[in-house]
2 protein chains.
Amino acid sequence: MDFEQADALNQAIRLLSLRHRARAAALLAPLGLHPGQEALLLELARTGPMIQAELSEALGCEPPSVTLMSRKLEAAGHVRRTPAPSDRRASVVELTDSGKALVGQIKQLWCALADETVTGLPAQTVAELPGILRTLVGNVDGRARRPHGSGVA
Amino acid sequence: MDFEQADALNQAIRLLSLRHRARAAALLAPLGLHPGQEALLLELARTGPMIQAELSEALGCEPPSVTLMSRKLEAAGHVRRTPAPSDRRASVVELTDSGKALVGQIKQLWCALADETVTGLPAQTVAELPGILRTLVGNVDGRARRPHGSGVA
DNA sequence: TAGCATTAGTTATCCGGATAACTATTATGC
DNA sequence: GCATAATAGTTATCCGGATAACTAATGCTA
């Protein structure tokens, strides 16, 4: 791929990151949430109580990030953290009633955000988009972890 | 759009942001750069010397971010900042020789990053992708700025 | 010319997320 | 049983990027 194309792609991804996050922040602010926190709440709503290591895996971010996220959500009253009975190292995170109530609102504006994000795209493209994006994620994620370093790094 | 689809999309965008940035960071680290800085250097290489307000516009980030980015790149010797002759408020940013040399390397690994990012996608999808992503950016960016607030915010 | 709005830039402070270094617990192998 | 490895979590510190509040210079308008 020549540089023009590569730059168009990389720059578009960078801008999408900034803008989509900024838009999510604007939508979540009225709920008292910062972007990132909604992902934790949604994951708990989807899967039920989880320990932080599982959350870290599910959210795709590192354990220290999960520690901070869950602690802030606990301080806000949306989440409860209790020691795991079977493993004294682990702590189970689960939604409180307040958190469950919030999830409903998050789901609404999550739909609104997705709708406005894909405005103007043909339905087929919209349908394919999540799969395409996940392919991209898998591509850059895989290379970052597998040690078959392609020479450049 | 129902929640499942919306979440698939939003989550994919969030993960792509994290992973693509992390991969970029890994590739840029050997050059002593942090992600974000390459965008400034590439923009200067493309357009020539610019004042920070122009850089802010071109990079799509806020003036305080540009101040920090350009100052760190100046400290690293890749960029020179001089007062604008015609406007004593403005400061012109331009590449040093060191910066110009770096741009060549950045372009190379920028191509490598784009190549690995789209691995496995059909050529047509790859060709359409930048345009699709720019549409997404325009959608979320526009709503954030235009005051015709669609009720949710 | 005087006054005010606009613009360029900086500083201080906030946020999420990352890594590195550490503690505490659990699992494994001898 | 005991030493060692692996795992769960926390703390401290770094980064980019954002907003708010501010200074300084410019432009506009009366």
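Lettering follows sequence order; numbering is per chain, from 1.
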For this session: Apply the test side-chain hydrogen bond (donor to acceptor under 3.5 Å, both in side chains) to residues A:Thr96 and A:His78: give CA-CA distance (whole Å), side-chain angles for both, the deciding distance (0.1 Å), then the verdict.
Result: CA-CA 5 Å; A:Thr96 62; A:His78 304 315; 5.2 Å; no
Problem set entry | Gap between atom CD of B:Gln52 and atom OG of B:Ser70 - 0.5 Å precision |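 Reported value, rounded in 0.5 Å steps: 4.0 Å.
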For this session: Would you give the length of the straight line joining atom CD1 of A:Ile51 to atom CD of A:Glu57, rounded to the nearest 0.5 angstrom?
Result: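 It comes to 11.5 Å.
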Distance check needed: [N] [atom2] versus [X] [atom1], whole Å only.
X: B:Arg81; N: C:dG9; atom1: CZ; atom2: P; value: 9 Å
X: A:His34; N: D:dG16; atom1: NE2; atom2: P; value: 21 Å
X: A:Glu62; N: D:dC15; atom1: CD; atom2: C1'; value: 15 Å
X: A:Lys72; N: C:dC15; atom1: NZ; atom2: P; value: 5 Å
X: B:Asp87; N: C:dT7; atom1: CG; atom2: C1'; value: 8 Å
X: B:Leu28; N: C:dA18; atom1: CG; atom2: C1'; value: 15 Å
X: A:Met50; N: D:dA8; atom1: CE; atom2: C1'; value: 14 Å
X: A:Gln52; N: D:dT7; atom1: CD; atom2: C1'; value: 13 Å

With a 4.0 Å cut-off on heavy atoms, is [X] in touch with a base, just the backbone sugar-phosphate, or nothing at all?
X: A:Leu68; value: nothing
X: B:Pro64; value: base
X: B:Ser56; value: nothing

Exercise. For A:Pro49, which residues count as a side chain to side chain contact (heavy atoms under 4.5 Å, CB included) partner, sequence neighbours excluded?
Worked result: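 Only A:Val92, A:Glu94 meet the side chain to side chain contact (heavy atoms under 4.5 Å, CB included) criterion with A:Pro49.
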Problem set entry | Base D:dT26 paired with B:Arg89 side chain (donor-acceptor, <3.5 Å) |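 No such pair is found, so the answer is no.
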Presence of [X] side-chain N/O under 4.0 Å of [N] phosphate oxygens OP1/OP2:
X: A:Arg88; N: D:dA8; result: no
X: A:Arg71; N: D:dT11; result: yes
X: A:Gln37; N: C:dC15; result: no
X: A:Arg23; N: D:dA18; result: no
X: A:Thr67; N: D:dG9; result: no
X: A:Ser65; N: C:dA18; result: yes

Problem set entry | Residue B:Ile51, side-chain heavy atoms: nucleotide from C:dA8, C:dG17, C:dT10 that is nearest |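 Of the options given, the side chain of B:Ile51 lies nearest C:dA8.
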Exercise. Starting at the 5' end of DNA chain C, which residue's closest nucleotide do you reach first, A:Cys61 or A:Ser86?
Worked result: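 It is A:Cys61 whose nearest nucleotide is closer to the 5' end.
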For this session: Please name the pair of heavy atoms, one in A:Pro130 and one in A:Val126, separated by the smallest distance, quoted to 0.1 Å.
Result: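 That would be CD-O, 3.2 Å.
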Problem set entry | First of A:Val66 and A:Arg14 reached from the 5' end of DNA chain D, by closest nucleotide |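 Closest to the 5' end, via its nearest nucleotide, is A:Val66.
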For this session: Could you tell me whether B:Asp7 and A:Arg46 make a salt bridge, using a distance below 4.0 angstrom between a side-chain N and a carboxylate O?
Result: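 Answer for the salt bridge query: yes.
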